[in-house]
Amino acid sequence: MVNSELEFQLSQYLDGTLPAEEKAALEVQLAADPEARGVLDEYRKLDAILKNAPPLPSVAWDRLATRISDAVAADEETAPVSILSIGYWRLPAQLALAASVLIAVGLAVQVWMKGGERAAERPVAVVQVVGPQVEAAAGEAKVAVEFGPASPVAEHVAASSYSEGLVAQPSRVIIATGGEVAQDTDSIY
Amino acid sequence: MEPKATGNDLGSTSPTDGQLVAQALAGKRDAFDKLIVRHQRQAVAVSYRLLGNTNDAMEVAQDAFLKAFKSLGTLQKPEAFAGWLMRIVSNLSLNYRRSRKLRTQAPLDDVAEPAGLDEPRHNLEGRELGEKLREALAQLPEKQRLAIVMFTIDEMPQKDVAAALDCSVEAVKWHVFQGRKKLKELLKEVM
């Protein structure tokens, strides 16, 4: 079976577009490969059908050229007059774009000017935000609780190379009755 | 016989497509008329392969030249006018196929000359083969169809086909190959 790459070469060989070296190599292969010759023959038959397809019917080319030229001239006459010779159809779009830009700039200037005039009249609101206050405990301390590692462990940890990663310092919390419960903060005072 | 030369050949005394485009943009109407004469046959031929009808093909060709004239200022490579025009023709032809409708403009019947009895298109076998070929072409993906029509049937240079399809010359070779492969299968009964 002829592979796709060889078939592509045969197609180019038929068109005379194969590079000289590849053409020479292919001709050697064709001499020895009947299957490849068979595929080439099929392509030749197909090309004969394509090139012998019903020819273009007779056309009065002079009259057609005149008809086309007249149509172009008629279209040119109805097109908007332009001082530019290139791309009439682009001029209306360019004018529309320029007009849009001018209108936008004009509006922006108006808004800016009116904004300056009204600056003195603009009301200003000042708002002060006051956070919740921490209330100190009203009563005496009832109990003191210490958190942290036991002393022998604390001594061991201090000497350990992991000391930075462990809680070595005891925490001290004083629990007392008092007034209303305050919002959590870093300190109980 | 319409000359196929684009005027881009070295040593040619006629202006190149690029020069004619520049002159047309400068306001010289006869420059665009020269482009019409130079490329109308190819435009009609490409459209005819896709539509199968002479009058439709001529109308599409006219529309394509109109559109090209209006958009001439957008053409970035004036020397590639031919390929650019063929792309407009192929797009308009495909749109025309998709929405066939009666047109209000006068048909171009007076431009198509009556065919003689011995012309191939009046031969039954030729007509049937032509119809089978158009049906097969219609089943191809667009780029393969256009590559086959422009390069294989109408023998446009591959670089012009590449410009029309907006792809490389290597891609055109690939599209032609893939199109051939499919057509070989679709037309095996008549081969």
Side-chain angles (χ1 to χ4, degrees), chain A residues 2 4-19 38-79 82-91 94, chain B residues 2 25-27 29 32-33 36-37 40-41 44-45 48-49 54 57-58 61-63 65-66 69-74 105 108 110-116 119-121 123 126-127 129-130 132-134 148-149 151-153 155 158 169 173-174 176-178 180-181 183-184 187-188 190-191:
Chain A
V2 175
S4 190
E5 188 179 338
L6 175 59
E7 224 175 314
F8 183 32
Q9 279 193 316
L10 290 170
S11 177
Q12 294 175 80
Y13 178 75
L14 191 61
D15 294 332
T17 57
L18 205 58
V39 172
L40 183 62
D41 283 343
E42 284 179 335
Y43 279 141
R44 285 196 171 120
K45 282 180 194 169
L46 174 65
D47 264 29
I49 292 174
L50 290 172
K51 290 185 191 302
N52 288 326
L56 186 66
S58 298
V59 172
W61 296 110
D62 290 344
R63 267 185 276 167
L64 179 60
T66 302
R67 183 72 80 102
I68 295 174
S69 178
D70 289 346
V72 169
D75 193 81
E76 191 180 11
E77 282 169 12
T78 57
S82 168
I83 59 172
L84 300 176
S85 63
I86 298 174
Y88 325 115
W89 60 272
R90 291 195 302 178
L91 182 59
Q94 290 170 343
Chain B
E2 284 281 322
L25 287 172
R29 272 299 320 283
F32 195 79
D33 288 343
I36 292 172
V37 170
Q40 62 173 344
R41 189 197 173 282
V44 173
Y48 178 73
R49 298 297 173 205
T54 313
M58 288 190 294
Q62 179 173 305
D63 288 347
F65 275 107
L66 266 171
F69 182 72
K70 288 178 185 175
S71 312
L72 207 55
T74 66
Q105 66 194 71
L108 295 167
D110 61 332
V111 182
E113 291 179 346
E119 283 200 4
R121 71 190 180 109
N123 176 280
R127 278 211 312 271
L129 183 59
K132 282 189 192 310
L133 180 57
R134 267 194 301 281
I148 291 285
V149 167
F151 175 68
T152 309
I153 298 178
E155 298 177 346
Q158 279 188 341
V169 170
K173 292 177 185 177
W174 183 255
V176 168
F177 162 56
Q178 291 292 325
R180 272 187 176 130
K181 214 169 152 183
L183 284 176
K184 192 160 63 93
L187 295 171
K188 59 185 174 188
V190 298
M191 280 176 55

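Lettering follows sequence order; numbering is per chain, from 1.
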A.B. asks: Sub-3.5 Å donor-acceptor pair from the side chain of B/Q40 to the main-chain atoms of A/W61, do we have one?
C.D. replies: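 Yes, B/Q40 side chain to A/W61 backbone: donor-acceptor pair under 3.5 Å.
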A.B. asks: Which atoms of B/Q178 come close to chain A, meaning under 4.5 Å heavy atom to heavy atom: side chain ones, backbone ones, both, or neither?
C.D. replies: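 Neither part; nothing is under 4.5 Å.
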A.B. asks: With only heavy atoms counted, which part of B/R180 is less than 4.5 Å from chain A, the side chain, the backbone, both or neither?
C.D. replies: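 Looking at B/R180, backbone and side chain both touch chain A.
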A.B. asks: Less than 4.5 Å to any heavy atom of chain B: does that hold for the side chain of A/L14, its backbone, both, or neither?
C.D. replies: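 Contact with chain B is through the side chain of A/L14 alone.
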A.B. asks: Looking at every heavy atom in both A/S69 and B/D33, which two are closest together, and how far apart are they?
C.D. replies: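 That closest heavy-atom pairing would be OG-OD1, 2.7 Å.
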A.B. asks: Would you say NZ of A/K45 has more than 12 non-hydrogen atoms from neighbouring residues, nucleotides or ligands within 6.0 angstrom?
C.D. replies: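 Open: at most 12 neighbouring heavy atoms sit under 6.0 Å from NZ of A/K45.
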A.B. asks: Name the region of B/K181, side chain, backbone, both or neither, that has any atom closer than 4.5 Å to a heavy atom of chain A.
C.D. replies: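 Backbone plus side chain of B/K181, per the 4.5 Å heavy-atom cut-off to chain A.
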A.B. asks: Taking all heavy atoms of A/L50 and all of B/I153, pick out the closest pair and write down the distance.
C.D. replies: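 For A/L50 and B/I153, the tightest heavy-atom pair comes out as O-CG1, 3.9 Å.
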A.B. asks: Would you mind checking which part of B/V190 comes under 4.5 Å of any heavy atom in chain A, side chain (CB onward), backbone (N, CA, C, O), both or neither?
C.D. replies: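 For B/V190, backbone and side chain are both near chain A.
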A.B. asks: OG1/A/T17 to NZ/B/K173 distance, rounded to the nearest 0.5 angstrom?
C.D. replies: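 If we round to the nearest 0.5 Å, A/T17:OG1 and B/K173:NZ are 4.5 Å apart.
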A.B. asks: Need one label for A/S4: side chain, backbone, both or neither, based on atoms under 4.5 Å from any heavy atom in chain B.
C.D. replies: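 For A/S4, the contact with chain B is made by backbone and side chain together.
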A.B. asks: Return the CG to CG distance between B/L187 and A/L46, rounded to the nearest 0.5 Å.
C.D. replies: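 Atom-to-atom, B/L187:CG and A/L46:CG are 6.5 Å apart.
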A.B. asks: For B/T54 and A/P57, work out which heavy atoms get closest and say how close.
C.D. replies: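 So the two residues come closest at OG1-CG, 3.1 Å.
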A.B. asks: Give the member of B/L183, B/V169, B/I148 that has the highest number of heavy-atom pairs under 4.5 Å with chain A.
C.D. replies: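 Ranked by contacts with chain A, first place is B/L183.
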A.B. asks: Can you tell me which portion of B/V149 sits under 4.5 Å from chain A's heavy atoms? Options are side chain, backbone, both or neither.
C.D. replies: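 No part of it gets close to chain A.
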A.B. asks: What heavy-atom pair brings B/V176 and A/S11 nearest, and what distance separates the two atoms?
C.D. replies: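 Heavy-atom minimum between the residues: CG1-OG, 4.4 Å.
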A.B. asks: Distance from A/L64 atom CG to B/F65 atom CZ, nearest 0.5 Å?
C.D. replies: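 Answer for the CG-CZ pair, A/L64 versus B/F65, is 8.0 Å.
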A.B. asks: Looking at B/T152 and A/K51, what are the two nearest heavy atoms and their distance?
C.D. replies: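 Residues B/T152 and A/K51, closest heavy atoms: O-NZ, 2.7 Å.
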A.B. asks: Out of curiosity, A/D15 CG to B/E155 CD, how far, rounded to the nearest 0.5 Å?
C.D. replies: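 If I round to the nearest 0.5 Å, the distance is 10.5 Å.
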A.B. asks: With heavy-atom distances below 4.5 Å as the criterion, would you say the side chains of B/F32 and A/V72 are in contact?
C.D. replies: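 SC-SC contact between B/F32 and A/V72 confirmed.
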A.B. asks: For the residue pair B/F177 and A/Y43, does the interplanar ring angle fall in the parallel (under 30°), tilted (30 to 60°) or perpendicular (over 60°) class?
C.D. replies: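 Answer is perpendicular, since the angle exceeds 60°.
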